[in-house]
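Read the structure below first, then the notes.
To find a chain, count down the sequence lines: A is the first, B the second, and so on, and within it residues start at 1. Since the structure is predicted, the reported quantities are computational estimates derived from the model, not experimental observations. Both backbone and side-chain heavy atoms feed into the values below; hydrogens, waters and symmetry mates do not.
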Protein chains: 2
Amino acid sequence: MAGTLLGRINEQYNQFSETEKKVSTYILNHAELIPNMTTNELATKAGVSEASVIRFAKKIGIGSFKTFKISLAQELAVKEDYITDFSILQKKDSPYEMFQKVVHVNKNAIESTMESLDKKELEKAVDTLKNARKIVFFGIGGSSIAATDALNKFAKLGFEVEFNTDFHYMLSRMPFVNELDVFVAISMSGETKDVLELTRIAQKKGAKVIAITNMNKSPLYKEADIRLATPVVEKDFRIGSITSRMTQLTIVDTLYICIFNLIGEKVLDEYQEARDYVITLRR
Amino acid sequence: MAGTLLGRINEQYNQFSETEKKVSTYILNHAELIPNMTTNELATKAGVSEASVIRFAKKIGIGSFKTFKISLAQELAVKEDYITDFSILQKKDSPYEMFQKVVHVNKNAIESTMESLDKKELEKAVDTLKNARKIVFFGIGGSSIAATDALNKFAKLGFEVEFNTDFHYMLSRMPFVNELDVFVAISMSGETKDVLELTRIAQKKGAKVIAITNMNKSPLYKEADIRLATPVVEKDFRIGSITSRMTQLTIVDTLYICIFNLIGEKVLDEYQEARDYVITLRR
DNA sequence: CTATTTTATGAAATTTTATTTCATAAAAAA
DNA sequence: TTTTTTATGAAATAAAATTTCATAAAATAG
């Protein structure tokens, strides 16, 4: 029941406010009606305001009420419960069985990015990046993978880019950031101290901050100008999150392809030239 | 196919007017995108008016476009029917559409790793890594991402590990590799010169070579002792492979979790201690 | 305790999306 | 031909989702 929408609502029930409890009670009791209801109808039935209905969807990690309805419809259409119980990774099975589970878990993680990512925020991000003079990425630990990937991709598109896993090096580069630049902060928890510090400095220097982070009330999520939310999936305190990289990379891929489509053509020819040149060198 | 929405559209196709055919063609080709589209978006894509989209929903016996979207979402949740047309990434669509496609493509790539990876080779790899004195990873370009991730993960498990994107640095380290060690070569094409050279040196020094590479007749695939094959998916010469990272990472995840399960427990306690210590430092 | 800030909420305003209406042009029938 | 019917898109309208703003309650600081 862990990875399902209804399961998640059920689990978090005790942490909800009174208003949120009203909404979730109605949803849990009348799940199959929700996909065809409007915010107004649900608000009335649950005895709350429409705004609270919208807020509830976001609270449980879904970008919009519309998406919530679609996701719920899909969930209810499949009878069997999803195997999104990530504890399966802890069992000691054969390598091939483990492999199948990893495939499953990773696919699921990517799929649920559809629920967390907000359409408008994505559009804002693409628009902001397109016009950036310089793009500074930062992420440590597992998130450094996505930061590195982003660095490579945007470098290839001809942007002035910057990223190093060393916090102090990055710190030394922040004085040269200005309001024409974009700072992309990547952190699953949104609470990593180093990431937050650089984010605040970037903002003070007038740069736009795009956060790729879990949808929650973390400082990073709150403080960012543009929020690209990753889904809150498993976080096994023993194994560590293996899926957050996948969701972060999916968002990086999207940004790359979008910008590529906007400015790609001319950059491409130059890139192709460079590649051809390398090939002749190697001969 | 009969009772389904898509089936019905398909059956009635010949009785449709020109405008209706346009709408149904788009729907049949991009069914999974419809639930998150607006009338306006679909109208634009199909090259018809919004009114015609609404009329189309009614034509096939659905009360409203909203209901149509919900029904379609439910229908698609049940059946597994994948699009493997990766050229979709080239079209210039809106950011959110691109995002949906990226999600789709990445999910598919991971899924098809199931077809390429050989059970016995995986078992051999796990067995070999388990007993390694030192593990040397190498990958450049896009494959450096997976190499870095592997480095981090196996370092966390207490292995002696090595990886640097700099070929010459790696070259300088190869004299210290011996028959107790494992060299993990990561390359999509299996033809990258630098990777091949290091692979050959490693083999000459008596190390076991594990290749994470596309399943084809590349030199790397042929020469490796153990082959962990990634699926041959899209390779757009313009955009570059966005999916190979996903498949490579899935394999790295698998190796990590397998080894973790074999030797994990004792390492964990030590790791937890280190984490706790960091937390006290930060306070 | 009191003042200040933060948080949660609903009402109202705004934006987005779906649907209907109406005018027009093409096809069919008289 | 002329009239009628039909199909369609543009524009208008209605409905729904989302954001903004004001306010009251709760938490925190002084």
Side-chain angles (χ1 to χ4, degrees), chain A residues 12-27 33-73 115-124 215-219 221-223 225-227 229, chain B residues 12-27 33-73 94-97:
Chain A
Q12 294 182 47
Y13 189 86
N14 292 319
Q15 293 137 50
F16 288 154
S17 72
E18 281 313 305
T19 311
E20 287 162 350
K21 276 181 185 167
K22 283 185 203 164
V23 178
S24 52
T25 301
Y26 188 86
I27 293 174
L33 301 180
I34 309 296
N36 292 306
M37 285 177 99
T38 66
T39 46
N40 186 274
E41 284 167 345
L42 176 51
T44 309
K45 291 283 177 191
V48 302
S49 70
E50 289 185 65
S52 296
V53 168
I54 306 272
R55 282 187 203 113
F56 182 80
K58 304 213 163 150
K59 173 96 176 193
I60 57 167
I62 309 277
S64 75
F65 182 65
K66 266 184 293 174
T67 310
F68 175 73
K69 289 199 291 186
I70 300 281
S71 299
L72 193 58
E115 289 164 11
S116 63
L117 190 75
D118 187 272
K119 197 172 171 176
K120 276 190 207 148
E121 294 291 303
L122 174 64
E123 278 161 12
K124 273 197 267 175
M215 183 180 247
N216 54 24
K217 294 194 170 172
S218 70
Y221 187 81
K222 280 188 217 159
E223 294 172 26
D225 299 302
I226 298 170
R227 305 167 236 264
Chain B
Q12 295 182 48
Y13 190 85
N14 292 320
Q15 294 138 50
F16 288 154
S17 72
E18 281 312 304
T19 310
E20 287 163 348
K21 275 181 185 166
K22 283 186 202 165
V23 178
S24 52
T25 300
Y26 188 87
I27 293 174
L33 301 180
I34 309 295
N36 290 306
M37 285 177 100
T38 66
T39 45
N40 185 273
E41 283 167 344
L42 176 51
T44 309
K45 290 288 166 193
V48 304
S49 69
E50 289 185 64
S52 297
V53 168
I54 305 274
R55 283 187 202 114
F56 182 81
K58 305 211 165 153
K59 174 97 177 190
I60 56 168
I62 308 277
S64 74
F65 182 64
K66 269 184 291 175
T67 311
F68 175 72
K69 290 199 291 185
I70 302 279
S71 303
L72 193 56
S94 75
Y96 196 70
E97 285 170 290

Could you list where the contact with chain B starts and ends along DNA chain D, reading 5' to 3', using a 4.0 Å heavy-atom cut-off?
D:dT8 to D:dA16
So which atom in [X] and which in [Y] form the shortest heavy-atom distance, rounded to 0.1 Å?
X: B:Glu41; Y: A:Lys119; value: OE2-NZ, 2.8 Å
X: A:Ser17; Y: A:Glu20; value: N-OE1, 2.9 Å
X: B:Tyr13; Y: B:Lys21; value: O-CE, 3.5 Å
X: B:Pro35; Y: A:Ile70; value: O-CD1, 3.4 Å
X: B:Asn40; Y: B:Glu50; value: ND2-OE2, 3.2 Å
X: A:Val53; Y: A:Thr39; value: CG2-O, 4.0 Å

For a quick check of understanding: with a heavy-atom distance under 4.0 Å over all strands, which category does [X] fall into, base, sugar-phosphate or nothing?
X: A:Thr38; value: sugar-phosphate
X: A:Lys59; value: nothing
X: B:Lys58; value: sugar-phosphate
X: A:Lys22; value: nothing

Tell me every residue that passes ring pair (Phe, Tyr, Trp, His ring centres under 6.0 Å) with A:Tyr26, counting only those two or more places apart in sequence or in another chain.
A:His30
So do the side chains of A:Phe68 and A:Ile60 get within less than 4.5 Å of each other, counting heavy atoms only?
yes
Using a 6.0 Å cut-off, check whether atom NZ of A:Lys124 has over 12 heavy atoms from anything other than its own residue.
yes
For [X] and [N], what is the distance between atoms [atom1] and [atom2] respectively, to the nearest whole Å?
X: A:Glu123; N: C:dT16; atom1: CD; atom2: C1'; answer: 12 Å
X: B:Phe68; N: C:dT19; atom1: CZ; atom2: P; answer: 12 Å
X: B:Tyr96; N: C:dT16; atom1: OH; atom2: P; answer: 16 Å

Could you list by number each residue of residues 42-57 of chain A showing a heavy-atom separation from DNA chain C of less than 4.0 Å, or answer none if no residue does?
A:Val48, A:Ser49, A:Ala51, A:Ser52, A:Arg55
Counting just side-chain N and O atoms, does A:Lys66 come under 4.0 Å of either OP1 or OP2 of C:dT16?
no
